[in-house]
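The block underneath contains the structure these notes are about, expressed in structure tokens.
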Amino acid sequence: MRIGVFVCQCGTNIAGTVDTEAVARRAMEYADVVYATSYVYTCSEPGQQEIQRRIKEMNLQGVVVAACSPRMHEPTFRRAVERAGLNRYMFEMANIREHVSWISTDKEANTRKAMELVHMAVAKLRFNQPLFSSKVPINKRVLIIGAGVAGIQAALDCSDGGLDVVLVEKNPSIGGKMAQLDKTFPTIDCSSCILGPKMVDISQKENVTLHACSEVESVSGYVGNFKVQIRKKATYVNWNACTGCGECVRKCPSRKAPDPFNEHLATARAINIPFPQAIPKKAAINRDYCLHFTKGKCGVCKKICPVNAIDYDMQDELVSEEVGAIIVATGFDLFDHSVYGEYGGGRYPDVISGLQYERILSASGPFGGHIRRPSNGREPRDIVFIACVGSRDASVGRPYCSGVCCMYIAKQAILTRDHLPDSNCYVFYMDIRSPGKNYDEFVRRAQEEYGVQYIRGRVGKIYPRGDRMVVQGADTLLGIQVEVEADLVVLATGVEASAGAGELAEKLRISYDQYGFYMESHPKLRPVETNTAGVFLAGACQGPKDIPASVAQGSAAAAKVQALFARDAIETDPQVALVNERTCVGCLKCIMVCPFGAIQSKTLRDGSIKAEVLASVCQGCGLCNATCPPKAIQLQHATDNQILAELNILCA
Amino acid sequence: MERVHTLAIQATSDPRFIGEVERASGQQISHCYQCGNCSASCAYTYVYDYPANQIMRLVQLGQKDIVLTSKAIWLCAACQACTTRCPCNIDVAKVMESLRVLSRQEKKVSGRDIQLFYDEFLKLVKRFGRVFETGLLPLFGMKAKKPFTDMDLAPRVIRKGKLGLIPHKVKGRKHVEGIFERFEAYCSRREKDKG
């Protein structure tokens, strides 16, 4: 083989601490190397042209570039050698930047290490084989998990682009957290008035299949061809018949069921429709509270239903869907403030979360939009808001900023002063974070126009005095302790990853950070992609986000799916396992270890049993390669011979 | 200490002081982001010259003199409310304790009486193995030249049986005395090494 070596200087990034000329000179001594040079920016246009020119001039059959991490430029150089007529897998990269020049200033040692890495790459390249990818057709349907505002936006954009959409929502209605909000910042427009039309759109789109009260059970397959099992939870109401008239809800005698939509400020009936604008507007039975299920009697809803939709014998149903891409938009949950013992640990009825206050403000909420204290139903006069509850607090494991609380308490304070002009609003804050369009102006308005008293300091404790609460905090600007007597305390509870986010991530084989937020493929340049091809992210499941950002990500993820589906087929990665049938003994250990179900057994005409790899399912992890006793199964482009060739150099 | 109105930061900052406090307390001072929760939770902010969060801030700015001569560090009751509430997991009470030690080492204790009280208190502990209140208060009162302070409380406390006329017998008072002697020997050795 005739091999060319190109050692990149990367300006001074590499050349500063590695003698690239010496590395190139030494490379000439390695077996099969016929050309070696050092170049200032190998990834630049002239740098790539140099490689191509040398391939043609010197009849090179393989190329090694010693430069940055293959994660940066391996695709660039593979395309470059391909343009010069070589197979793209006749190329190797030695990482002498991240692994050498950036981590040590010892030029001599660096140069030695760089030489060894280049030598290893050359040794491996001598065993490289041209590899060719195959094409698999794309199933142009998209699954969207979670129907909050991000998922809804993604679904609408995909649907408008002519794609079939499968939308899965855990709750009985779509809308997510935004449906629970009263107004939105910084425009104070009604949340359900701007979300409602989008929700209705979803229900009217012919190419959107909505599975509410459903969860993803399992996911198999790969980009272009995912198979998804969806569990439709039993609602004990036949939704094909139910008209959402609400007659059953009005007549249900069990009135103590929890009401998660109202954040447990009120109770619901055992058969319930969560809110008037619910989509789908269908009733569902909570069997833990239904008298038919708990006591074996009642049956009022069944008797009264005009369309005979009640079905007490309903079971969970598993639905299979085949899709080509998945958008994850599972949103967030609110931090549970009961871990703060100093704020009452959840014992004081008049110390509530931000979302609970949102329900109190809402006209469809438990008090019909009148601000009342949950304890005695009276109108509060003094209302204290406390920022950063479960945000920027390492002591409760939440060191990050939730990003939305500063804005939502400003909004709630403005709404409070609007509803109750005689009330006094106090906001305890550490810093105000309002870096959005018209956001800081909005916070200023709360202070200047609405007379909300902002106090810079955290709150040390809340304790009852009479039927009011004493909020003891600091005014760090004055350097003194302050006390505010309050009728109602609203905690700006922070954003955390949605419960069960980790479980879903494992089903989808995507990664998540230490707080449970899904990891994007690149924090700046690939914000809605994951490291699993064909799985995209939208909204707060990736990190705390407000409505505009969630909507933008919903659209972005939809655009990514449409770009993926613009092709009719996907090229598969040929770096997968391959069985040498002559040496395979048919023990089938590989089938047992394969995490992706990519290996199956087959019987040859002579009756012998052999393993067979499904190239389109194989992810190239190499577990089978390591397990195979006669080494009959080999991971292409990382075969035993290639790895041993590298090791031989390293240990020589 | 008079409150400072303009602080020439470069001229007054002693960057080594931050390291000293961190070594003595085992806490990383830069972790404090000045939320003020320590001051909000502190039972004695009302008598402090600098509330707890300002003490932390002064340490961050390397203001050795202001911190070590402050009254706040001596009025701290070490109740640990600040430590419990700190969202940054800083043991603020430990920092205050370390500042008291540094203040004594640097001979910067504000107010003669504070140092005097601690000294008299410890002298009695050394002698009797625990404090002897009936001895301590008159002794401190005489030396501080305010012999009648708190005298009015005596009859009430005596009636409740809180003040004994003779010191309590404590087991192992020799051992306690031994602790003091070893510590004093250690201090004088260190003084000699320094000198």
Side-chain angles (χ1 to χ4, degrees), chain A residues 335 337 339-345 384-402 405-406 426-433 454-463 469-484 486 489 491-494, chain B residues 1-7 27-61 63 66-67 70-73 75-77 79-96:
Chain A
F335 182 80
H337 64 82
V339 305
Y340 283 95
E342 63 265 42
Y343 300 161
V384 170
F385 297 86
I386 301 176
C388 294
V389 177
S391 304
R392 303 179 64 202
D393 189 339
S395 71
V396 297
R398 295 281 177 274
Y400 56 83
C401 170
S402 292
C405 327
C406 287
Y426 304 87
V427 175
F428 281 92
Y429 70 100
M430 295 201 287
D431 298 290
I432 293 173
R433 306 211 160 160
Y454 271 68
I455 303 167
R456 203 260 172 218
R458 227 176 146 93
V459 170
K461 62 178 167 182
I462 301 171
Y463 55 95
M469 323 290 302
V470 180
V471 180
Q472 180 187 314
D475 187 326
T476 60
L477 301 179
L478 279 179
I480 55 171
Q481 211 170 55
V482 292
E483 230 182 54
V484 181
V489 180
L491 306 176
T493 32
Chain B
M1 173 90 199
E2 285 272 304
R3 283 198 67 121
V4 178
H5 289 288
T6 305
L7 192 65
Q27 306 302 309
Q28 190 146 1
I29 302 299
S30 62
H31 281 189
C32 173
Y33 59 32
Q34 286 295 316
C35 67
N37 209 345
C38 44
S39 303
S41 312
C42 178
Y44 287 105
T45 295
Y46 74 99
V47 284
Y48 281 15
D49 46 358
Y50 295 97
N53 74 295
Q54 291 189 355
I55 293 285
M56 292 297 291
R57 180 74 194 130
L58 287 164
V59 177
Q60 284 179 335
L61 285 174
Q63 298 299 316
I66 301 178
V67 173
S70 74
K71 288 206 180 66
I73 58 173
L75 295 169
C76 165
C79 73
Q80 316 226 353
C82 46
T83 299
T84 315
R85 305 277 157 76
C86 177
C88 304
N89 291 328
I90 302 172
D91 189 342
V92 185
K94 187 78 189 288
V95 172
M96 296 294 267

Return yes when atom OH of A:Tyr400 has more than 12 non-hydrogen atoms of other residues, nucleotides or ligands closer than 6.0 Å, and no otherwise.
yes

Could you state the interatomic distance from OG (B:Ser41) to CD (A:Gln472), rounded to the nearest 0.5 Å?
7.0 Å

By salt bridge (charged side-chain N to carboxylate O under 4.0 Å, His left out), A:Arg398 pairs with (sequence neighbours left out) A:Glu496

I need the A:Arg392 CZ to B:Tyr33 OH distance, nearest 0.5 Å.
5.5 Å

Nearest heavy atoms of B:Ala40 and A:Ala474, plus distance in Å
CB-N, 3.4 Å

How would you list, by chain and number, every residue that makes a side-chain contact (heavy atoms from CB on, under 4.5 Å) with B:Ala93, sequence neighbours excluded?
B:Gln80, B:Cys82, B:Thr83, B:Asp91

Give, as side chain, backbone, both or neither, the part of B:Tyr48 having an atom under 4.5 angstrom from any heavy atom of chain A.
neither

To the nearest 0.5 Å, how far apart are CZ in B:Arg85 and CG in A:Asp393?
12.0 Å

If you compare all heavy atoms of B:Pro51 against all heavy atoms of A:Gly479, which two are closest, and at what distance to 0.1 Å?
CG-O, 2.8 Å

Can you say whether B:Asn37 sits under 4.5 Å from chain A via the side chain, the backbone, both, or neither, judging by heavy atoms?
both

Closest approach of A:Thr476 to B:Gln54 (non-hydrogen atoms, all atoms of both residues):
O-NE2, 4.3 Å

